[in-house]
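Some notes on the structure that comes next.
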There are 2 protein chains.
Amino acid sequence: MEDVAERAGVSRALVSLVMRDSPKVSEKSREAVLKAAGQIGYRPNLMARSLASQRTMTIGLVLNDLHNPFFAELADGVHNAAVDAGYRVVINSGFGTAEGESGAAATFLEYRVDGLIMAGPVLSDSQIENIGDETRLVLIAREIPMRTADMVTNDDAVGAQLAIDHLVSLGHTEIAHVDGGVGAGAAGRRAGYVQAMKAHGLDRSVRIVPGDFTESSGAAAIDRLIGHDSPPSAIFVANDLSATGALHRLEQLGLSLPEDISLVGYDNTALAALGHIALTTVNQPRELMGGLAVKMLTDRIESGGEAGTHEVIAPTLVVRSTTGPAR
Amino acid sequence: MEDVAERAGVSRALVSLVMRDSPKVSEKSREAVLKAAGQIGYRPNLMARSLASQRTMTIGLVLNDLHNPFFAELADGVHNAAVDAGYRVVINSGFGTAEGESGAAATFLEYRVDGLIMAGPVLSDSQIENIGDETRLVLIAREIPMRTADMVTNDDAVGAQLAIDHLVSLGHTEIAHVDGGVGAGAAGRRAGYVQAMKAHGLDRSVRIVPGDFTESSGAAAIDRLIGHDSPPSAIFVANDLSATGALHRLEQLGLSLPEDISLVGYDNTALAALGHIALTTVNQPRELMGGLAVKMLTDRIESGGEAGTHEVIAPTLVVRSTTGPAR
DNA sequence: TTGAAAGCGGTACCAG
DNA sequence: CTGGTACCGCTTTCAA
């Protein structure tokens with residue numbers, strides 16, 4: 001910067017003003033500075049700038065796991081909204097583990113990011129609370145009882161209800177649910193399933209088999225469900241990957257969808273959209289959720305408000321080829 | 001840090017030494033400092049540290065696109081190797097566009113990362129060269145003629161050869177290739193296909209149809225290939241996603257794999273491993289490639305060596321259920 | 001408008 | 001081993 005100033009024949013302070021697009025610089029000086037900067041390939045040093053201004057203009061994004069397409073799409077929403085608001089976002093993966101996640105968060109904390117967004121964190125409530133004490137924090141797809149963070153989640157109960165309503169409207173009455181265990185949102189989906197079944201007077205048909213968001217657990221669930229007395233005519237699975245595993249096992253068993261059995265997943269990941277899978281599934285508006293998280297964060301950064309807001313987004317149902325009329 | 005020093009009754013310099021695990025600090029002082037730091041929840045400021053030390057100990061990773069599982073797995077390799085070497089890595093997506101990519105790179109340049117890894121960049125050779133002029137750069141899955149960056153790629157020609165050899169050994173002689181257009185590695189795979197066909201004396205059966213790494217282009221390719229005179233008995237597709245599209249279309253046409261036709265993909269993404277797809281495909285050792293990229297980078301950071309190394313990794317073939325004997 | 005000077009939170013060198 | 005001190009590169013008053 002010193003060099004730029006010298007070359008342009010002005011002071012360092014003036015260069016600083018130009019780099020920050022300050023309006024109080026004469027057109028002439030501005031041009032001279034920009035020209036000089038271009039000539040020597042000057043690039044502002046973010047570390048120095050942030051150290052002095054106490055602002056980084058960057059948002060840290062910790063993704064539960066890079067492999068899950070759900071988070072990749074969430075990242076798009078976060079990125080777009082952040083850029084619109086004048087922030088840059090830097091990403092880190094938690095690799096699905098508590099250690100990875102706290103490491104990722106620690107990095108951002110040491111970098112003094114202006115705010116942190118954690119998508120589907122697996123850390124304990126208290127660990128998350130600690131992070132929220134150190135920086136402005138927004139959680140996506142995870143709720144904690146403390147008010148140290150803002151949260152944006154989708155309404156899992158409504159999502160489950162959407163799925164069940166759809167199946168019931170197709171004439172299904174024997175509808176089983178493949179659970180997601182401790183996976184994010186699984187509890188809400190399970191509760192929503194039970195509730196929706198009751199609402200349709202199908203209390204006695206409620207049937208839940210365990211699962212854990214993996215492909216293999218979906219296949220295993222089918223083995224428990226089919227081949228015994230009174231197999232269900234439709235299945236609501238707590239996530240797309242497990243649903244895909246279930247789909248495959250059903251076909252191995254010689255059943256065809258949706259003629260013999262109907263299947264609904266959750267999340268509407270890219271996987272579900274594959275022509276080959278074409279899974280009917282519940283969609284979480286990821287772009288919207290990511291954008292909302294950014295808005296909550298930047299609002300807080302700029303207004304200095306308190307944390308504790310919780311936005312709940314309504315999911316939608318995407319009907320594809322795995323659901324059809326009951327026979 | 002001032003506070004920590006005061007509380008521990010020592011100087012700031014001493015605290016700094018402790019935070020950096022310097023060996024030249026008495027056990028007593030160290031304990032006092034650590035205790036004081038813990039009490040007031042002190043966390044070192046990376047910006048300040050980097051500004052003073054001119055080192056960030058962080059590697060920037062620009063991924064072509066977060067949605068492609070290939071890059072997610074690459075990130076694992078990069079992350080593991082980096083952590084082992086004492087570096088932290090921060091990720092940014094290029095969103096598959098030149099603008100996104102240069103924005104991501106610019107952020108890292110302004111953050112003065114110690115080194116940059118770009119996986120499957122779409123930027124032009126000269127743009128990449130410019131980045132290489134500003135920081136230590138390693139490219140993965142992309143070659144440029146300049147010596148301003150290190151590169152690690154898989155040998156696409158060998159990968160194609162693996163696929164063709166496998167098909168030929170199963171008795172196939174009519175083997176078509178679905179191209180990947182301008183996609184990363186597509187040119188090498190195409191050339192490898194042609195070369196391998198020639199090596200087997202199958203010059204006259206060479207048949208290439210266009211594609212672009214999308215699911216739909218795979219389906220479209222099948223439409224061009226099947227239903228005309230002399231359809232191939234096997235198809236080598238330049239990437240997994242297109243292969244999945246092809247697979248689906250083949251099944252729609254009532255053909256079963258591998259009985260009626262064999263199919264091979266490229267990349268061995270998580271998609272190919274799904275029980276439902278079970279695609280035979282060429283595997284690029286991602287973990288290894290990511291680790292290698294980090295090693296090249298850290299070597300250069302620490303020894304100050306020159307760029308220009310190009311490591312070529314041999315791919316392997318993963319045989320699943322989409323290939324079988326020619327009938 | 002422009003220039004000077006005082007930090008921001010550390011590191012690193014040097015003398016004690 | 002420990003404390004003092006000069007920066008790192010930029011922002012931010014404050015005067016001129």
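Per chain, numbering begins at 1; letters A, B, ... match sequence-line order.
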Nearest to the side chain of A/S29, heavy atoms from C-beta on, is which of C/dG10, C/dT2, D/dG9? C/dT2
Of A/N154, A/D155, A/T153, which is the lone residue that meets side-chain hydrogen bond (donor to acceptor under 3.5 Å, both in side chains) with A/Q284? A/N154
Which listed nucleotide (C/dT2, D/dT12, C/dA12) is nearest to the side chain of B/S53? C/dA12
Residue B/A52, side-chain atoms from C-beta onward, closest of C/dT2, C/dT11, D/dT11: C/dT11
Could you check which of D/dT2, D/dC10, C/dT11 has an atom nearest any side-chain atom of B/V25? D/dT2
Looking only at side-chain atoms of A/R20, point me to the closest of D/dG9, D/dC10, D/dT12. D/dT12
First locate atom OG1 of A/T309, then atom CZ of A/R300, and finally report the distance between them rounded to the nearest 0.5 Å. 7.5 Å
In terms of side-chain heavy atoms of A/L51, which of C/dG10, D/dC1, C/dG9 is nearest? C/dG9
Please figure out whether B/V10 or A/L17 has its closest DNA chain D nucleotide nearer the 5' end. B/V10
Residues A/E110 and B/R49 bridged, charged N to O under 4.0 Å: no
Is it the case that the base of D/dG3 and the side chain of B/R12 share a donor-acceptor contact (distance under 3.5 Å, atom types as modelled)? no
Check the orientation of B/Y111 and A/Y111. Use parallel for under 30°, tilted for 30 to 60°, and perpendicular for over 60°. perpendicular
Let me know the distance between NZ of A/K24 and C1' of D/dT11, rounded to the nearest Å. 12 Å
Hey, which sits more toward the 5' end of DNA chain D by its nearest nucleotide, A/M19 or B/A13? B/A13
Give the rounded distance in Å between these two atoms: CG of B/L14 and P of C/dG16. 19 Å
